[in-house]
Chemist: 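Below you'll find the structure I mean.
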Number of protein chains: 2
Amino acid sequence: MKRKPTPDQLLLDQQLCFALYAASRSFTGLYRPLLEPLGLTYPQYLVMLVLWEQDGLTVRELGQRLQLDSGTLTPLLKRLQTAGLISRQRRTEDEREVDIRLTETGLALREPASAIPACIAGHLNMSLGQMQQLRDQLKHLARQLQHSTTED
Amino acid sequence: MKRKPTPDQLLLDQQLCFALYAASRSFTGLYRPLLEPLGLTYPQYLVMLVLWEQDGLTVRELGQRLQLDSGTLTPLLKRLQTAGLISRQRRTEDEREVDIRLTETGLALREPASAIPACIAGHLNMSLGQMQQLRDQLKHLARQLQHSTTED
DNA sequence: CAAAATTAAATTGTGTACAATTCAATTTTC
DNA sequence: GAAAATTGAATTGTACACAATTTAATTTTG
């Protein structure tokens, strides 16, 4: 008595989502040794990228940018505060909102961080054009998924 | 006194890794409501995919297939065992290894799960060819990253 | 063949993710 | 303008990830 074989659609190697999931984790693994000297994890680095770009956002605004909720951000931001990289301050205009600002130390970290992207690119056997094309495909996919997930 | 603007390479929207990270999380979010009726999380579903394909693997073999270590798998597998979907048994040939096998319930779950891939595909505004192409690009990228990360 | 090295899981500890709830501060509505 | 609804963070609880350590079992080596 033979078991039915797995239908093709259920084979692991067929799964787009697993390819994404595995690639994403491998990629953050490549960042890990580069971020470790800066004392940052990858999600913390993402928060710093946003703040280096635009300082003084609320937790909500950071969350919109990174697609993360307060359950993830609040403890992460507390760690960045403990590390002396940011300050957290209730806004006087609206006391519900918490203003996240870079400290001098946090701002200064942008300098050593600026070497990271080139270092990463050097490890990918891809042209800049290929990277951009793949990135834009993924951004498009993520937008599709946002809609699909939010709606029904 | 104006601050230096962020160099392009540090802009969030330029980051390939963030595009990957965001797309991956959005994608598992699309699976969540489909897996919930089966009582599975996305990583648990991946373990089940592997076992439906080839039953009776060790924790190490599962880990190789999914790129996850025992620190992640051991508790996850315990939960699958508690749910009655798998059994965990030390191998007699080598008592260090733990054999993971589907229960009847676990095997039977493949039936309702088989509807999921088509349902997911329906939510992506992409042709099958586009999905395959993107998936293969990501697999290629992950291989590159594996090498980069393992070596130096 | 016994000590040393290696291997496979499990454990420990830290840091995300995310659903669900709570709490306080604002808005809306009657 | 006070009760009701909404909003923004924080909190709680569950489940990954992953580095580092531990433990037990097997291999390797002198």
Side-chain angles (χ1 to χ4, degrees), chain A residues 17-18 21-33 35-36 39-48 57-64 66-83 86 88-100 146 149-150, chain B residues 17-18 21-33 35-36 39-48 57-64 66-83 86 88-100 146 149-150:
Chain A
C17 189
F18 174 64
Y21 166 78
S24 175
R25 284 185 302 116
S26 282
F27 213 142
T28 68
L30 185 57
Y31 275 88
R32 202 166 292 120
L35 292 174
E36 201 246 64
L40 294 175
T41 65
Y42 184 70
Q44 289 168 9
Y45 171 68
L46 291 178
V47 168
M48 295 302 284
L57 297 173
T58 65
V59 174
R60 184 181 56 80
E61 287 164 334
L62 272 170
Q64 284 173 345
L66 299 171
Q67 305 295 329
L68 293 170
D69 71 4
S70 68
T72 301
L73 284 174
T74 298
L76 187 157
L77 293 170
K78 283 183 180 174
R79 282 187 280 272
L80 287 180
Q81 183 181 30
T82 303
I86 63 162
R88 296 160 64 243
Q89 187 87 25
R90 292 270 167 195
R91 285 209 171 152
T92 42
E93 315 92 273
D94 185 337
E95 294 254 359
R96 289 172 302 184
E97 301 186 311
V98 172
D99 204 41
I100 306 297
Q146 287 303 304
T149 311
T150 313
Chain B
C17 189
F18 174 64
Y21 166 79
S24 174
R25 284 185 301 116
S26 283
F27 213 143
T28 69
L30 186 56
Y31 275 88
R32 202 166 292 123
L35 292 175
E36 201 246 63
L40 294 174
T41 65
Y42 184 71
Q44 289 169 8
Y45 171 68
L46 292 179
V47 168
M48 296 302 285
L57 297 173
T58 64
V59 174
R60 183 180 57 79
E61 288 165 334
L62 273 171
Q64 284 174 345
L66 299 171
Q67 305 295 328
L68 293 170
D69 71 6
S70 69
T72 301
L73 284 175
T74 297
L76 185 156
L77 293 170
K78 283 182 179 174
R79 282 185 282 271
L80 288 180
Q81 183 181 31
T82 301
I86 63 162
R88 296 159 65 243
Q89 187 87 25
R90 291 270 167 195
R91 286 210 170 150
T92 43
E93 317 93 272
D94 186 337
E95 294 255 0
R96 288 171 303 183
E97 300 185 312
V98 171
D99 205 40
I100 306 297
Q146 287 302 305
T149 311
T150 314

Chemist: Hey, are A:Glu97 and A:Arg60 close enough for a salt bridge, meaning a charged N less than 4.0 Å from a carboxylate O?
Modeler: yes
Chemist: Expressed as a whole number of angstroms, how long is the span from A:Gln44:CD to D:dA17:C1'?
Modeler: 15 Å
Chemist: Heavy-atom count check: over 12 atoms from other residues, nucleotides or ligands less than 6.0 Å from B:Glu95 CD?
Modeler: yes
Chemist: Between protein and nucleotides 18-27 of chain D, map the contacts as a letter string: B base, S sugar-phosphate only, - none, heavy atoms under 4.0 Å, written 5' to 3'.
Modeler: BB-----BS-
Chemist: Can you measure A:Ile100 atom CD1 to D:dG8 atom C1' for me and round it to whole angstrom units?
Modeler: 12 Å
Chemist: Does some side-chain heavy atom of B:Leu62 sit less than 4.5 Å from a side-chain heavy atom of B:Leu73?
Modeler: yes
Chemist: Rounded off to whole Å, could you give me the CG-to-P distance for the B:Leu40 and D:dC16 pair?
Modeler: 10 Å
Chemist: Would you say the side chain of A:Gln67 lies within less than 4.5 Å of the side chain of A:Gln146, judging by non-hydrogen atoms?
Modeler: yes
Chemist: B:Met48 versus B:Leu40: any side-chain heavy-atom pair under 4.5 Å?
Modeler: yes
Chemist: Go through DNA chain C in 5' to 3' direction and return only the first and the last nucleotide with some atom under 4.0 Å of chain B's heavy atoms.
Modeler: C:dT7 to C:dA19
Chemist: Starting at atom CD of A:Glu61, determine the distance to atom P of D:dA9, rounded to an integer number of angstrom.
Modeler: 8 Å
Chemist: Evaluate the side-chain contact (heavy atoms from CB on, under 4.5 Å) criterion for residues B:Phe18 and A:Tyr42: first the C-alpha distance (whole Å), next the side-chain angles of each, then the deciding distance (0.1 Å), finally the verdict.
Modeler: CA-CA 10 Å; B:Phe18 174 64; A:Tyr42 184 70; 4.0 Å; yes
Chemist: What's the verdict on side-chain contact (heavy atoms from CB on, under 4.5 Å) for A:Arg90 and A:Asp99, showing C-alpha distance, side-chain angles and the deciding distance?
Modeler: CA-CA 6 Å; A:Arg90 292 270 167 195; A:Asp99 204 41; over 6 Å; no
Chemist: In whole Å, I'd like the distance from the CZ atom of A:Arg79 to the P atom of D:dA10.
Modeler: 13 Å
Chemist: Does B:Arg79 have any side-chain hydrogen bond (donor to acceptor under 3.5 Å, both in side chains) partners at least two apart in sequence or in another chain, and if so, which?
Modeler: none
Chemist: Using the closest heavy atom to pick a nucleotide of DNA chain D for each, name whichever of A:Pro75 or A:Glu97 lands nearer the 5' end.
Modeler: A:Glu97
Chemist: Does the cation-pi check pass for A:Arg25 over A:Tyr21, that is, NZ or CZ under 6.0 Å from the six-membered ring centre and within 45° of its axis?
Modeler: yes
Chemist: In whole angstrom, what separates B:Leu76's CG from D:dA17's P?
Modeler: 8 Å
Chemist: Rounding to an integer number of Å, can you tell me how far B:Lys78 NZ sits from D:dC16 C1'?
Modeler: 15 Å
Chemist: What integer distance in Å separates A:Leu30:CG from D:dA17:C1'?
Modeler: 17 Å
